[in-house]
Amino acid sequence: MTEARATPTAGTDPGAPALGGPERSTGYYIFLIVVVLLMAETTVHGAILLYSALPYMASSFTAAQLPWIITVTLLVAAAVQPLMGKLADVFGRKRLLMAVAVLYIAGSVIGAVAGSFALMMVARVLQAAAVALPGVIYSFFRDYLPKRMVPISVGMFSTNIGISAIVAPFIAGGLLHGFGDYRSIFWFSAIYMAVVAPIVYFIIPEVRRVKEPGTRQSVDLLGSAMFTAGAGLILFGISAASTASWSSMSVVLPLVLGVALLVAFVFAERRIRQPMIDLKLLGGHALRTTLLVSLFAGVMTATWSYVVPQILETHPHDGIDYGFGLTATEVGLVTLSNGILSMACGPLGGYLTKRTSPRLVMLLCCGTGIVASLLLAFWHNELWHYIVFGLVMGVASGFYYASGPNLIIEAVPSRLTGVSTGLQAFTSAFAGSAMPVVVAAVLAANVLAGGAKPVYASHGYTYVFLILAVAGAVAFVMTLFMRHGRQPATGGVASAQH
């Protein structure tokens, strides 16, 4: 397809495509969004499809190895989010999407034929490339779609996640029941991407910026390696703390090395002409505040989905006012309300950022998240509590995915959208990786009955949800005093001249 080339003044008209070329019909752009989101389905498939397959993998891998088959992909994807965004900024979205497709297919095929844990880890690391796509997709939306469509398209990403979360367990169930082997999941993933990637290649245009005379865009390889390795080691150390003490070398060593690499990264970036991350911009109020808000608000949305299934699957026991002994399928039905509202409120939140402001939508996210967390902290003894309060948290989740990226887009120039939205995705992933350790520590201090599956005192979960409410309150206050994002979202017009 012919490449769309930019003009130096492109992107200043709210109705025009971000980087040049005549505007097409609304139907055409909606079709483009759908095609991109079809590829983005793999960001959810990489985890949810395998959740159901873990029991089928128990005969091939040890109990200690099974969690890492899921965790390693999430950790690597979180660590490389900013790098993926930077690569997209430099080389273009279409090229990067094709490279991701190749890596994902290779990882899926290796996973399907893997006969050892080491080879399975290689497969899951390669698949992480697709799980790290959000920042790339957000930057594509900003670079190619008409500015008027950017805020809503960003919000639609959460709808895509919600649909995948609902459909994926049924796909996994059909594959596992039909073939009786976890390898069918990997073959399905390979075939899915092999079908979608050519569609993306022939439909999605390449978007390139006109370079200033005498300049040459490049990737800061050393800085990228230090940041990715440092972030990955910190995430690894935090994850390891869920099964080992904080004084263990398996926890301390990765954390120390990770922090050292990030400190070295900061010093190195100050000397690079084209750094991976513009530290001056990162040190600015707009981007810094948005990233911190995304971190604390992400604590609520990510932890809710982690904790609630544990509560629902716990069997009734003397001394607790929760515990329903539900199966995984029954848990999915109870939490369906949360997923549906999250799906609906993604586009709604995007629309509201355009009609009101992304800051207001983030305030609504934090407010509804605080309410849901407080309600479940004190009322969690009936199933309807989880259904109704899940609706409230679903609103918070949808608004979170709509407001966070839009706040980033309004804070940074177009050339930094990829790496900046990648950083925002990293903060969300960091919250999702760190909070299970916090939850485990809180619950471990409130054990009612020990054993292979401990029963935790009711007030232990009360403390957990109060922590979520406090995190939401911190995000709310920070958003309240946020200086940018107070006007209706422009799809990046306001920050185009930065």
Side-chain angles (χ1 to χ4, degrees), residues 44-58 63 66-67 69-71 74 158-159 161-177 182 185 242 299-317 320-345 369 372-373 375-398 432 435-436 438-440 442-443 448-449 451-458 460-462 464-465 468:
V44 181
H45 287 173
I48 295 181
L49 283 178
L50 278 184
Y51 285 153
S52 301
L54 288 179
Y56 291 78
M57 304 176 81
L66 286 176
I69 293 175
I70 299 293
T71 302
L74 302 179
S158 68
T159 297
I161 293 174
I163 293 174
S164 297
I166 292 174
V167 173
F170 295 99
I171 294 175
L175 291 169
L176 294 170
H177 179 73
Y182 74 86
I185 298 293
S242 62
V299 164
M300 291 189 302
T301 57
T303 311
W304 176 282
S305 301
Y306 172 75
V307 173
V308 168
Q310 294 185 44
I311 297 175
L312 296 176
E313 290 176 0
T314 300
H315 290 276
H317 193 281
I320 63 173
D321 60 358
Y322 70 94
F324 306 93
L326 302 187
T327 65
T329 301
E330 291 168 339
V331 169
L333 292 174
V334 172
T335 58
L336 187 62
S337 61
N338 178 271
I340 291 175
L341 259 292
S342 179
M343 288 167 49
C345 288
S373 299
L375 287 172
L376 205 54
F378 298 105
W379 292 280
H380 46 239
N381 61 323
E382 300 286 347
L383 280 178
W384 70 263
H385 292 159
Y386 300 88
I387 297 173
V388 176
F389 304 160
L391 289 170
V392 182
M393 185 57 80
V395 174
S397 180
M435 282 309 295
V438 175
V439 170
V442 172
L443 294 180
L448 182 65
K453 292 185 177 181
V455 176
Y456 303 107
S458 299
Y461 282 109
T462 295
V464 168
F465 286 109
L468 303 193

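Side chains included, hydrogens not; waters and symmetry mates left out as well; all remaining heavy atoms used.
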Handout entry: Ala377: side chain to side chain contact (heavy atoms under 4.5 Å, CB included) partners, not counting sequence neighbours
Key = Thr462, Phe465, Leu466
Practice task
Of all the heavy-atom pairs spanning Pro316 and Gly323, show the shortest one and how long it is.
Solution key: CG-O, 3.6 Å
Problem - Intermediate values then yes/no, side-chain contact (heavy atoms from CB on, under 4.5 Å), Val299 and Val438 - result: CA-CA 11 Å; Val299 164; Val438 175; over 6 Å; no
Completion exercise
d(Ile185 CD1, Tyr56 OH) to nearest 0.5 Å is 9.5 Å
Practice task
State, yes or no, whether a side-chain contact exists between Leu312 and Leu383 at a heavy-atom distance under 4.5 Å.
Solution key: yes
Problem - Side chains of Trp304 and Asn338 in contact at under 4.5 Å (non-hydrogen atoms) - result: yes
Handout entry: Side-chain heavy-atom pair Phe389, His380 within 4.5 angstrom cut-off
Key = no
Handout entry: Gly369 backbone acceptor or donor facing Ser373 side chain under 3.5 Å
Key = yes
Practice task
Using atom types as modelled and distance alone, determine if a side-chain donor or acceptor of Ser337 lies under 3.5 Å from a backbone N or O of Gly390.
Solution key: no
Fill in the blank from the handout: In terms of heavy-atom contacts, Leu468 and Met435 come closest through CD2-CE, 4.1 Å
Fill in the blank from the handout: Rounding to 0.5 Å, atoms OG1 (Thr335) and CD (Glu330) come to a distance of 11.5 Å
Practice task
Please examine the side chains of Tyr456 and Ile311, heavy atoms only from C-beta on, and report whether any two atoms are closer than 4.5 Å.
Solution key: no
